[in-house]
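Start at 1 and go down the list; that is how both ligands and their atoms are numbered. Nothing here was measured: the structure is a model prediction, and the numbers come from that model.
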Amino acid sequence: MLISVVLPCYNEEKVLAMTFHELSAELSGVTGDYEMIFVDDGSRDGTRDLLKEFAQKDGHVRYIAFSRNFGKESAMLAGLQYSSGDYTVIMDSDLQHPPQLIGQMLAYARQGYDQVIAQRDRTGDKKLGSFFARSYYRLVDRLTDVELTDGIGDFRMLSRKALNALLTMHEYNRFSKGLFSWIGFKEKIIHYKNRSRAAGESKWNFRSLVRYGVDGVLSFNNKPLRFCFFIGAFAILLSLVYLIFLFVGIIFKGIDMPGYFTTIFTICFFGGVQLISIGIIGEYVGRIYYEVKRRPHYLLDETNFSQDSRAK
Ligand code: UDP
Ligand code: MG
């Protein structure tokens, strides 16, 4: 039995040695063989050299290095494609996902759970941040067809069955939280206490969070498009009522000219509605544009995997 652990790394030289040690300690304690797949997502610091050093010291270490930064989603995908484990764990390389949970995950996975998911609480999170995150999850949950839960991220163990299912989805815009939920299978949630990053700093800023948020809503449904349709229908209905109202006035009282305020209001309001609708359509068209190009999700620069070890 083989356990594969996939770790995306982007500029993590400060924490990587700690991660490697904690993870090795945990993995050598569980039954079965294991491999650690580190994916260097185009780091600009010493991450890659460190990975090569680990690989030299320890035969369990595999690494994949990208030609540039392709983002965490691509890094995870690469790791999953190269994973040959019967069970595959995905975790961050900054020790926010405690390796000590792997033993417990494995126990559940062997009982037949295809996705053993670690859910964190929000200890130590900034109040405002966690308020926004919670509201976001509630909103996305309502807007999309897949189920997202607060505190559930990428940290999980997948059975071969679940992993193969994930790999059948070739979309370019990957929103993993949605993909995990979309495939389904038997799930088990375990809980852990939130940890702050052991060293180094987070790659997220406000802009990337907003972009990620929009992705989450758009990549799993076309409800925003339907929303435009309903707003349009509602506006037509409203203007018909108004038209009749004016027309009746003209018949009984004759034409009276003033109407500057309502005219300007209508122009501005519907101008705005139309721009928003076009924007929403544009978001989808943009995504389609990227999908049809069928570019690879990442480019390899270097790896210690043999050439034919990638799935499909
Ligand atoms: N990461 C990556 N590519 C990126 C950004 C992040 O592979 O472009 C990795 C990063 O090295 C870490 C994980 O994704 O292992 C989570 O990133 P981070 O800790 O910055 O996110 P946070 O925990 O703050 O949500
Ligand atoms: Mg982190």
Side-chain (R48) to main-chain (D45) donor-acceptor, under 3.5 angstrom: no

Name of the D94 atom (N/O/S only) found closest to the Mg ion (ligand 2): OD2

Those atoms of ligand 1 less than 4.0 Å from some heavy atom in D41: 2 (C), 3 (N), 4 (C), 7 (O), 8 (O)

N or O contact, P8 vs ligand 1, cut-off under 3.5 Å: yes

Y63/F38 aromatic ring centres below 6.0 Å: no

Residue part near ligand 1, for K72, under 4.0 Å between non-hydrogen atoms: both

Side chain, backbone, both or neither: the part of L7 lying under 4.0 Å from ligand 1 by heavy atom: neither

Atom 6 (C) of ligand 1: the protein heavy-atom neighbour that sits closest, reported with distance to 0.1 Å: K203 CG, 3.6 Å

Proximity of C9 to ligand 1 by residue part, where a heavy atom lies under 4.0 Å: backbone

Close-contact set for ligand 1 against Q96 heavy atoms, below 4.0 Å: 19 (O), 22 (P), 23 (O)

Whether Q96 has an N, O or S atom under 2.8 Å from the Mg ion (ligand 2): yes

For atom 16 (C) of ligand 1, closest protein heavy-atom neighbour: D92 OD2, 3.2 Å

Protein heavy-atom partner closest to atom 1 (N) of ligand 1 - residue, atom, separation in Å: Y10 CB, 3.8 Å

